[in-house]
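Presented below is the structure to which this report refers.
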2 protein chains.
Amino acid sequence: MIDKQTEILKAALRLFVENGFHGTPTSLIAKEAGVANGTLFHYFSTKEELIVSLYVAIKKHLSACMAIEEKSEASLKEQLKNIYITALTWGIDNTTEFRFIQQFISSPYLLKLAPEEIQQKNNKILQLFQEGIDGQIIKNMPIDLINTLVNSHLFGVSQYINQSQLAAQQQENIINSSFELIWDMIAL
Amino acid sequence: MIDKQTEILKAALRLFVENGFHGTPTSLIAKEAGVANGTLFHYFSTKEELIVSLYVAIKKHLSACMAIEEKSEASLKEQLKNIYITALTWGIDNTTEFRFIQQFISSPYLLKLAPEEIQQKNNKILQLFQEGIDGQIIKNMPIDLINTLVNSHLFGVSQYINQSQLAAQQQENIINSSFELIWDMIAL
DNA sequence: ATCATGATTGACTAATCACTCTACAAAAGT
DNA sequence: ACTTTTGTAGAGTGATTAGTCAATCATGAT
């Protein structure tokens with residue numbers, strides 16, 4: 001075993017998604033991670049800290065994946081499409097993480113996060129929205145609203161793809177066309 | 001006290017949204033509802049049954065509110081808009097219920113529901129989507145996908161409105177224009 | 001070699017919680 | 001009036017759980 005802390009987080013992720021927060025005792029997490037009970041509390045002083053840490057870790061992972069895309073020379077639409085597709089692909093390739101995030105943000109644990117953690121650091125995308133509005137490419141509305149709508153859309157599509165068992169071809173189709181859908185919505 | 005069962009559900013709703021499922025002991029629910037511990041278990045044999053019952057009750061309430069809208073003579077777009085606005089208004093007027101539903105459907109309790117409970121009985125809207133596709137008013141795509149997208153959109157807008165403190169005027173604006181947004185997305 | 005620091009263990013505990021049980025009260029049926 | 005059913009209460013219980021602690025073990029620095 002290389003890293004016990006990682007093993008604990010991995011086990012916790014799986015169990016939380018399967019059984020919910022209240023359905024998974026710390027003892028089970030420790031057992032599944034192959035560590036002793038006390039070891040878990042060595043790394044995370046409370047169960048709540050474990051849950052929040054897991055969220056932060058996943059968000060970090062997502063941010064890392066998103067950061068790869070950086071092609072400023074492309075058109076605004078192309079740039080947004082790149083970001084959109086990257087995020088969507090992440091959601092499809094990481095269903096468990098995706099479900100955990102969904103569960104976490106709908107739970108009261110969200111309030112336990114420091115406000116700056118919730119804040120979208122990745123304001124690159126907000127910037128692009130603003131550019132789009134200024135350049136009269138995107139409908140003039142609050143960028144927070146646009147952001148919320150795009151996020152919801154992303155969630156919806158991920159959910160649809162994860163739930164319905166699609167052939168790779170169909171899946172590819174939906175991924176590609178779904179950006180056009182949301183674009184039709186926000187574009188002038 | 002008129003109906004203890006209702007009082008229990010009301011207290012449970014509030015506490016679950018505030019503290020989550022695992023953060024609210026049945027004893028506290030009973031206390032807040034002003035009934036004895038045993039009374040709770042007279043009405044709901046387990047905590048899980050209480051949670052699921054609460055979900056079903058809220059869904060029933062939502063359905064009742066939705067059922068009022070029935071104007072088949074209007075255009076397809078108008079009909080959809082009516083349904084959309086009704087749902088959105090419900091989400092805004094019933095934030096606690098709204099948050100509970102969100103929490104519930106992102107939790108493993110969802111799987112405890114009988115499949116027919118999950119199924120959208122209100123397939124009126126699915127019917128309208130099909131009509132729209134047949135009449136070449138709506139883009140040709142799986143109606144389940146359309147449905148998911150419209151629902152996500154609805155969630156997003158509700159969330160946005162609930163979170164940001166808006167003047168009644170602005171709120172009204174967003175409610176009205178947000179349907180046009182989603183319409184732009186699904187319409188040909 | 002010795003020491004120090006941190007990782008790891010698992011038995012243990014104090015508290016909590018879901019749920020039970022017995023008793024009683026209030027209707028409701030006969 | 002009497003019996004049955006249903007509602008209500010709240011103390012009690014056994015199981016579970018988050019978190020502790022004292023004791024080892026591993027590692028590397030001096």
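Naming convention: chains lettered A, B, ... in sequence-line order (proteins, then strands); numbering from 1 in each chain.
- Nucleotide C:dA7 holds its C1' atom 16 Å from the CD atom of A:Glu7, rounded to whole Å.
- Listed candidates were C:dC19, D:dG10, C:dG10. Nearest to the side chain of A:Ala36 is C:dG10.
- Closest to the B:Phe41 side chain, of the nucleotides C:dT8, D:dA18, C:dA18, is C:dA18.
- Screening residues 132-158 of chain B for salt bridge (charged side-chain N to carboxylate O under 4.0 Å, His left out), with sequence neighbours left out, gives A:Asp184-B:Lys139.
- Atom CD1 of B:Ile8 and atom P of C:dA18 are 14 Å apart (whole Å).
- Among the atoms of the strands shown, none is found under 4.0 Å from any heavy atom of A:Phe44.
- Residue B:Lys81 qualifies as enclosed at atom NZ: its count of foreign heavy atoms under 6.0 Å is above 12.
- For D:dA9, the OP1/OP2 oxygens have a side-chain nitrogen or oxygen of B:Thr39 closer than 4.0 Å.
- A salt bridge is absent between B:Lys4 and B:Glu7: the closest approach of a Lys/Arg side-chain nitrogen to an acidic carboxylate oxygen does not fall below 4.0 angstrom.
- The closest donor-acceptor contact from the side chain of B:Lys47 to the backbone of B:Phe21 lies under 3.5 Å.
- Regarding contacts with the backbone of C:dA7, a side-chain N or O of A:His42 is found under 4.0 angstrom from either OP1 or OP2.
- The nearest whole Å value for the distance from the CD atom in A:Glu48 to the C1' atom in D:dG19 is 14 Å.
- When the side-chain nitrogen and oxygen atoms of B:Tyr43 are compared with OP1 and OP2 of D:dT6, none of them lie within a distance under 4.0 Å.
- Listed pair A:Thr26 / D:dA18 meets the phosphate criterion, a side-chain N or O lying under 4.0 Å from OP1 or OP2.
- Whole-Å rounding puts the A:Phe21 CZ to D:dT16 C1' distance at 20 Å.
- Here the P atom of nucleotide C:dA18 and the NZ atom of B:Lys47 are 4 Å apart, to the nearest Å.
- The nearest whole Å value for the distance from the CG atom in A:Leu15 to the P atom in D:dA18 is 12 Å.
- Put simply, CZ on B:Phe16 is 12 Å from C1' on C:dA18, counting in whole angstrom units.
- Here the nucleotide nearest the side chain of A:Asn37, chosen from C:dA18, D:dT8, D:dG19, is D:dG19.
- What separates NZ of B:Lys31 from C1' of C:dC17 is a distance of 15 Å, to the nearest Å.
- In the set D:dA18, C:dT8, D:dG19, D:dA18 carries the atom at the smallest distance from any side-chain atom of A:Pro25.
- Between the A:Thr95 side chain and the A:Ile92 main chain, no donor and acceptor come within less than 3.5 Å of each other.
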